[in-house]
**Student:** 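If you scroll down you'll find the structure; I have some questions about it.
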Amino acid sequence: MISHNNSSKNNNLIQNNAAIGVFDSGIGGLTVVKHLRDLLPHEDIVYFGDTARLPYGIKSEEVVKRFAFEDSHFLLEHGVKIIVVACNTVGSTAIHLLEEHLNIPVIGVMQPGADACVKKTRNKKVGVIGTATTIRSGKYSQKIHELDSKIKVIDQACPLFVPLVEEGFFEDEATHFIAKRYLDKLIANNIDTLILGCTHYPVIKNIIQRIVGEDVVMVDSGEETAKFVEKYLASNNLGTSKSTKSELKLYVSDLSHKFQEIAEHFLHNSLSHIETIDFEQFLIEKGQDFRDYINQILIKDV
Ligand code: DGL
């Protein structure tokens, strides 16, 4: 998850009191922010949710990779000290490129989720749910099998979950009905542990738990990532020296009428700073050089 390149990055250049940058395709990553704020109450956070271009989970890998660089560079312009990629879809397609090409540490959500599920399973039957792109990538199975090749992984794409969640259908019959259709296969395979492999899913965790049964252990990859970030900042001497209450700045590329209500549900808290940015304008201002830089990276990656 942390590239070799990252570990050699010059920490002296990184301002300890700079914010942690977090991005996702939408507001799903706020489930990660919630845990980061619980564990690291003095760390400032700059969040970017690319709500105008959501969902990422049904787009091609190339498009997701391009978006990942654009979103990361938006955060870099805010002077963040690390970037948390709070999106499994980006984690499954582009994180290796971000780790290689950004000059600050990049932390994804998949490895902490995989580590936790390997520790938690008793019968070695693990379910993974995520977006179509995340499941198609097979990255969770790969990471789990690197840790324990005997674990049987049963995965299932749940493409309708993201729109249901963004619509605010948290405790809704429609969500229950669709979740049942998706989860039946996992139940039939007798899983005892389930990775919520999309940062949008923790807000419908109760519905999922009721369907799969109380005995199935849920792994929230966002929660595991926040624990990882806490350890990473401490062991790399990157923690803030501030003792004041932290600030959360939330930027989105589109602000729907229900946004604030839904975002506050994700965060279990109220929001003070939300700003809509014209992302197309941001990209125009970055110019042709920036487009060429991304194109070069993508050409070499195929
Ligand atoms: N929340 C994102 C994830 O973890 C993806 C949602 C989407 O844009 O499809 O995969």
Side-chain angles (χ1 to χ4, degrees), residues 1 21-36 47-72 83-95 98 106-114 116-117 127-141 143 155-170 175 178-179 182 194-205 208 218-226 228-229 250 252-254 256 259 262-263 265-267 279:
M1 172 175 24
V22 183
F23 79 88
D24 179 36
S25 58
I27 49 180
L30 290 177
T31 58
V32 183
V33 170
K34 183 205 169 289
H35 294 295
L36 283 172
Y47 182 91
F48 176 59
D50 193 7
T51 43
R53 304 191 294 188
L54 172 113
Y56 283 11
I58 53 168
K59 296 201 165 60
S60 71
E61 283 200 16
E62 186 186 325
V63 166
V64 174
K65 285 174 187 166
R66 190 174 295 282
F67 287 179
F69 274 96
E70 293 169 354
D71 301 349
S72 299
I83 290 183
V84 178
V85 180
C87 178
N88 288 267
T89 306
V90 173
S92 67
T93 50
I95 199 139
L98 299 178
V106 176
I107 294 174
V109 283
M110 297 184 89
Q111 192 68 49
C117 97
V128 180
I129 53 175
T131 66
T133 305
T134 299
I135 297 304
R136 209 174 37 240
S137 78
K139 283 279 158 55
Y140 267 114
S141 301
K143 287 180 187 299
D155 55 15
Q156 175 67 47
C158 305
L160 292 174
F161 279 176
V162 169
L164 285 166
V165 164
E166 293 268 337
E167 196 51 40
F169 284 14
F170 307 127
T175 308
I178 288 165
Y182 286 145
L194 176 63
I195 300 186
L196 304 176
C198 171
T199 51
H200 278 72
Y201 299 175
V203 289
I204 52 166
K205 195 174 170 180
I208 296 172
M218 301 273 194
V219 174
D220 173 347
S221 54
E223 184 176 359
E224 301 305 324
T225 303
F228 184 88
V229 172
L250 178 58
V252 286
S253 48
D254 185 33
S256 71
F259 183 87
I262 295 175
H265 186 91
F266 272 66
L267 275 175
F279 208 62

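Residue numbers start at 1 and run along the sequence shown. Ligands are counted one by one from 1 in listed order, and the atoms in each one are counted from 1 as well. The structure presented is a predicted model; accordingly, all values stated were derived computationally and were not measured.
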**Student:** Quick one: are N88 and K139 in side-chain contact, heavy atoms under 4.5 Å?
**Tutor:**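 Result no, sub-4.5 Å side-chain heavy-atom pair not found.
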**Student:** Quick one: does G26 get within less than 4.0 Å of ligand 1, heavy atoms only?
**Tutor:**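 Distance cut 4.0 Å: G26 fails for ligand 1.
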**Student:** What protein heavy atom is closest to atom 6 (C) of ligand 1, reported as residue, atom name and distance in Å?
**Tutor:**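 Residue, atom and distance for the closest contact: S25 OG, 3.3 Å.
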**Student:** Could you state the interatomic distance from CG (L30) to CD1 (I262), rounded to the nearest 0.5 Å?
**Tutor:** 11.0 Å
**Student:** For H265 and F170, take the angle between the two ring planes, folded into 0 to 90°, and tell me which bin it lands in: parallel under 30, tilted 30 to 60, perpendicular over 60.
**Tutor:**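 Ring orientation of H265 relative to F170: parallel.
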**Student:** Provide the number and element of each atom of ligand 1 under 4.0 Å from a heavy atom of C198.
**Tutor:**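 Atoms satisfying the 4.0 Å criterion: 1 (N), 2 (C), 3 (C), 4 (O), 5 (C), 10 (O).
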**Student:** Report yes if some heavy atom in the side chain of M110 is under 4.5 Å from a heavy atom in the side chain of Y140; otherwise report no.
**Tutor:**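 The answer is yes, as the side chains (C-beta and beyond) meet within the 4.5 Å cut-off.
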**Student:** Distance from L196 atom CG to C117 atom SG, nearest 0.5 Å?
**Tutor:**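 Nearest 0.5 Å value for the CG-SG distance: 11.0 Å.
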**Student:** Looking at ligand 1, does any of its N/O atoms fall within less than 3.5 Å of an N/O of T89?
**Tutor:** yes
**Student:** Give the numbers and elements of all ligand 1 atoms closer than 4.0 Å to a heavy atom of Y56.
**Tutor:** 7 (C), 8 (O), 9 (O)
**Student:** Starting from atom 9 (O) of ligand 1, what is the nearest protein heavy atom, named by residue and atom, and what distance separates them?
**Tutor:** G57 N, 2.8 Å
**Student:** Looking at D24, which atoms of ligand 1 are within less than 4.0 Å of one of its heavy atoms?
**Tutor:** 1 (N), 2 (C)
**Student:** Quick one: look at N88 and ligand 1, take heavy-atom pairs under 4.0 Å, and tell me if it's side chain, backbone, both or neither.
**Tutor:**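 Both parts.
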**Student:** Locate the shortest heavy-atom distance separating A157 from A132; write the atom from each residue and the value.
**Tutor:** CB-CA, 3.8 Å
**Student:** Please check whether T131 reaches ligand 1 - meaning an N/O of the residue sits under 3.5 Å from an N/O of the ligand, judged on distance alone.
**Tutor:**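 N/O-N/O distance below 3.5 Å does not exist for this pair.
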**Student:** Does R53 make a cation-pi contact with F67, if we ask for NZ or CZ under 6.0 Å from the ring centre and within 45° of the axis?
**Tutor:**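 Yes; both conditions hold, so R53 lies above the ring face of F67.
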